[in-house]
Amino acid sequence: MSEFKEIKTQEEFNEAIKDRLERQKETIEKQYADYDQLKTRNAELETEVTGLQAAIEETGQATKVHEQTVAELNAKLADHETASLRTKIALQHGLPIDLADRIVGNDEASIKADAERLAAFVKPKDPIAPLKNTEPALGDGKDTAYKNLLENLDLEGE
């Protein structure tokens with residue numbers, strides 16, 4: 001080992017630690033040699049994250065629009081099914097199709113009950129028999145006189 005030498009000036013001090021500072025500088029340069037690469041990679045990843053976040057937001061908005069569309073279509077489908085059920089039940093109970101819209105209810109049982117109540121108020125008229133034909137027969141055949149005779153006969157006894 002060498003003997004201890006006392007440092008009295010700044011230049012001597014600088015000379016004594018010069019080797020140590022160079023070794024430390026080399027160590028730091030080795031340790032942070034890929035700093036520029038990491039910095040550029042970090043910038044690339046931040047750009048990519050920003051793009052992905054924008055894509056996520058767009059997808060979220062599209063999903064909301066599709067969910068809303070599906071909900072609207074399901075509501076329309078339910079309305080059409082209910083209208084079809086009302087029409088079917090109205091016809092089963094002898095109600096006119098125009099009154100099918102008057103039937104209310106949330107399910108088939110309540111719709112049937114309302115249709116039965118409405119059918120009780122709307123009674124179909126008994127059919128009326130057609131009247132006797134009062135038109136003269138068109139034709140001047142031999143049988144016309146006999147047909148008139150038969151039509152005018154009073155079949156009830158005397």
Side-chain angles (χ1 to χ4, degrees), residues 1-139 151:
M1 286 229 176
S2 67
E3 265 186 55
F4 178 71
K5 184 177 173 186
E6 184 178 345
I7 301 175
K8 295 184 178 176
T9 64
Q10 182 67 39
E11 289 79 22
E12 290 175 356
F13 177 73
N14 288 345
E15 191 61 36
I17 64 166
K18 183 178 179 183
D19 291 338
R20 175 70 181 127
L21 288 176
E22 285 181 17
R23 282 184 300 177
Q24 182 65 27
K25 187 176 179 182
E26 290 174 6
T27 306
I28 290 174
E29 286 177 359
K30 287 179 186 176
Q31 191 176 10
Y32 296 108
D34 59 348
Y35 177 75
D36 291 333
Q37 291 174 345
L38 292 175
K39 190 174 179 181
T40 56
R41 180 66 180 149
N42 187 30
E44 291 172 0
L45 291 175
E46 285 178 356
T47 305
E48 187 177 339
V49 165
T50 304
L52 290 174
Q53 286 175 340
I56 288 172
E57 288 179 17
E58 290 175 11
T59 305
Q61 292 294 333
T63 302
K64 286 180 184 177
V65 168
H66 291 307
E67 288 175 352
Q68 183 179 7
T69 303
V70 167
E72 290 173 0
L73 291 176
N74 284 337
K76 285 182 180 179
L77 178 64
D79 290 344
H80 287 293
E81 286 177 351
T82 304
S84 173
L85 182 64
R86 285 180 182 153
T87 303
K88 178 181 143 191
I89 291 174
L91 292 175
Q92 286 175 350
H93 288 88
L95 294 172
I97 293 177
D98 294 338
L99 293 179
D101 293 340
R102 305 269 185 200
I103 300 172
V104 294
N106 295 330
D107 57 351
E108 188 172 355
S110 63
I111 292 174
K112 280 185 179 182
D114 191 42
E116 289 172 359
R117 280 195 320 258
L118 188 59
F121 290 112
V122 179
K123 296 179 182 175
K125 295 180 181 177
D126 292 329
I128 299 174
L131 298 175
K132 178 180 172 185
N133 188 6
T134 58
E135 297 283 324
L138 296 175
E151 284 181 13

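All values below were derived from every heavy atom in this structure, side-chain atoms included, with hydrogens, water molecules and symmetry-related copies excluded.
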**Message:** For Asn42, is the CG atom crowded, meaning more than 12 foreign heavy atoms sit under 6.0 Å from it?
**Reply:** yes
Distance check, rounded to the nearest 0.5 Å: [X] atom [atom1] versus [Y] atom [atom2]?
X: Ile111; Y: Leu118; atom1: CD1; atom2: CG; result: 13.0 Å
X: Ile103; Y: Leu95; atom1: CD1; atom2: CG; result: 5.5 Å
X: Glu58; Y: Thr63; atom1: CD; atom2: OG1; result: 11.5 Å
X: Thr87; Y: Ile97; atom1: OG1; atom2: CD1; result: 7.0 Å
X: His66; Y: Thr59; atom1: NE2; atom2: OG1; result: 9.5 Å
X: Glu48; Y: Leu52; atom1: CD; atom2: CG; result: 5.5 Å

Any donor and acceptor pair, going by atom type alone, linking the side chain of [X] with main-chain N or O of [Y] inside 3.5 Å?
X: Glu12; Y: Lys8; value: yes
X: Asp34; Y: Gln37; value: no
X: Ser84; Y: His80; value: no

**Request:** Could you check if a side-chain atom of Glu81 sits within less than 4.5 angstrom of a side-chain atom of Leu85, using non-hydrogen atoms only?
**Result:** no
**Request:** Please lay out, stage by stage, how Arg41 and Glu44 fare under the test salt bridge (Lys or Arg N to Asp or Glu O under 4.0 Å).
**Result:** CA-CA 5 Å; Arg41 180 66 180 149; Glu44 291 172 0; 3.3 Å; yes
**Request:** Taking all heavy atoms of Ser110 and all of Gly105, pick out the closest pair and write down the distance.
**Result:** OG-CA, 3.3 Å
**Message:** Can you give me the closest heavy-atom contact between Ala115 and His93, atom names plus distance?
**Reply:** CB-ND1, 3.9 Å
**Asked** When you look at Glu72 and Lys76, which way does the side chain to side chain contact (heavy atoms under 4.5 Å, CB included) test go after all the steps?
**Response** CA-CA 6 Å; Glu72 290 173 0; Lys76 285 182 180 179; 5.5 Å; no
**Asked** Charged N to carboxylate O below 4.0 Å: is that the case for Glu108 and Lys112?
**Response** yes
**Message:** Show, in sequence, the C-alpha distance, side-chain angles and deciding distance for Lys39 and Asp36, and conclude whether the salt bridge (Lys or Arg N to Asp or Glu O under 4.0 Å) test is met.
**Reply:** CA-CA 5 Å; Lys39 190 174 179 181; Asp36 291 333; 6.0 Å; no
**Prompt:** Just checking, is any N or O donor in the side chain of Thr82 or Asp79 under 3.5 Å from an acceptor N or O on the other one?
**Reply:** no
